[in-house]
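A short worksheet on the structure shown next.
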Amino acid sequence: SKLAPWLARGCISPRFVALECLRYENERVKNKSTYWLRFELTWRDYFIFYARKYGRQLFWPSGTKGLGDRSKWLPVDSKESKHKFMQWCQGNTGIPLVDANMRELVATGFMSNRGRQNV
């Protein structure tokens, strides 16, 4: 929808977008796009509260539950870690789906919702 930056900054409310979807459905037709837009708004709000609850833990390699093999982690300040981070930022990981989304972000400043989920 490309509404993410506007929603994130409070320029438009998720409630307004959801109500406009419902209005469109009532005046015209229900479709998969309006359904998924409302669904993603719900997920967005859930994830905001989840992130507020877990904070930085959300980004731990072991996740919010603290599970996982920490022996495979790279120190954040290691040369290899910095190199891998730069490869990711530039879209040069060798993983086509990740690289395509990161290159889109570099070129346009935008990444689709699905892309954000994948990357």
Side-chain angles (χ1 to χ4, degrees):
S1 71
K2 300 222 188 298
L3 293 175
W6 305 103
L7 287 162
R9 297 287 178 230
C11 299
I12 189 169
S13 78
R15 180 176 291 163
F16 176 79
V17 174
L19 290 173
E20 286 298 302
C21 284
L22 290 173
R23 185 174 66 80
Y24 177 87
E25 290 176 342
N26 289 331
E27 292 177 6
R28 305 223 170 157
V29 64
K30 287 185 178 185
N31 60 55
K32 289 181 183 178
S33 296
T34 54
Y35 167 82
W36 283 111
L37 182 54
R38 286 195 333 268
F39 178 87
E40 293 297 340
L41 287 171
T42 303
W43 175 248
R44 172 192 173 273
D45 284 350
Y46 167 79
F47 197 73
I48 287 170
F49 287 113
Y50 193 84
R52 286 185 181 160
K53 179 178 180 177
Y54 290 104
R56 292 168 40 169
Q57 275 183 277
L58 189 62
F59 302 100
W60 291 358
S62 60
T64 58
K65 305 297 181 208
L67 307 173
D69 182 2
R70 294 182 179 192
S71 67
K72 296 179 181 177
W73 296 5
L74 291 173
V76 174
D77 59 351
S78 75
K79 214 174 201 176
E80 184 181 0
S81 180
K82 289 178 183 178
H83 177 70
K84 286 183 180 289
F85 179 71
M86 287 309 299
Q87 284 180 309
W88 177 72
C89 289
Q90 297 166 354
N92 292 316
T93 66
I95 303 168
L97 183 62
V98 171
D99 292 347
N101 282 287
M102 292 307 290
R103 289 177 187 156
E104 176 189 20
L105 179 61
V106 169
T108 68
F110 181 80
M111 185 185 299
S112 70
N113 177 53
R114 188 69 62 223
R116 291 190 302 271
Q117 292 176 33
N118 291 327
V119 172

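Just so it is clear, the structure is predicted and the values come from calculations on it, not from any experiment. For reference, positions follow the sequence shown, starting with 1.
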(request) Tell me, please, which residues at least two apart from Glu104 pass salt bridge (charged side-chain N to carboxylate O under 4.0 Å, His left out). (result) none

(message) Please report the interatomic distance CZ(Phe110) to CG(Asn101), rounded to the nearest 0.5 Å.
(response) 10.5 Å

(request) Give a yes or no on this: more than 12 heavy atoms of other residues, nucleotides or ligands lie within 6.0 Å of atom CZ of Phe85. (result) no

(message) Would you say that Val119 contacts Trp88 through its side chain, given a criterion of any heavy-atom pair below 4.5 Å between the two side chains?
(response) yes

(request) Please determine if Arg38 and Glu25 form a salt bridge, counting it only when a charged side-chain N lies under 4.0 Å from a carboxylate O. (result) yes

(request) Could you tell me whether the side chain of Thr108 and the main chain of Leu105 form a donor-acceptor pair under 3.5 Å? (result) no

(message) Return the CG to CZ distance between Leu41 and Arg15, rounded to the nearest 0.5 Å.
(response) 12.0 Å

(request) First locate atom CD1 of Ile95, then atom CG of Asn118, and finally report the distance between them rounded to the nearest 0.5 Å. (result) 11.0 Å

(message) Taking ring pair (Phe, Tyr, Trp, His ring centres under 6.0 Å) as the definition, give me every residue that meets it alongside Tyr46, ordered by chain and number, with sequence neighbours left out.
(response) Trp43, Tyr50

(message) Arg114: which residues meet the salt bridge (charged side-chain N to carboxylate O under 4.0 Å, His left out) condition with it, sequence neighbours left out?
(response) none

(request) Could you check if a side-chain atom of Leu7 sits within less than 4.5 angstrom of a side-chain atom of Ile12, using non-hydrogen atoms only? (result) yes

(message) Check this for me, if you would: do Arg23 and Glu27 make a salt bridge, where the nitrogen-to-carboxylate-oxygen distance has to be below 4.0 angstrom?
(response) yes

(request) Group every Ile, Leu, Val, Met, Phe, Trp and Tyr by side-chain heavy-atom contacts under 4.5 Å, then state whether Tyr24 and Leu37 land in the same group. (result) no

(request) Write down the atom of Pro96, the atom of Gly94, and the distance for their closest heavy-atom approach. (result) CD-O, 3.4 Å

(request) Starting at NZ of Lys32, measure out to CZ of Phe39 and round the result to the nearest 0.5 Å. (result) 14.5 Å

(request) Hey, could you give me the CZ/SG distance between Phe16 and Cys21, rounded to the nearest 0.5 Å? (result) 10.0 Å

(request) Please name the pair of heavy atoms, one in Arg103 and one in Gly91, separated by the smallest distance, quoted to 0.1 Å. (result) NH2-O, 2.8 Å

(request) Would you indicate whether the side-chain heavy atoms of Leu58 and Phe47 approach each other to under 4.5 Å? (result) yes

(request) Compare all side-chain heavy atoms of Met102 with those of Thr93 and state whether any distance is below 4.5 angstrom. (result) no

(request) Using a 4.5 Å cut-off on heavy atoms from C-beta on, say whether the side chain of Gln57 contacts that of Lys65. (result) no

(message) With rounding to the nearest 0.5 angstrom, report the NE2 to OG distance, His83 to Ser78.
(response) 11.0 Å

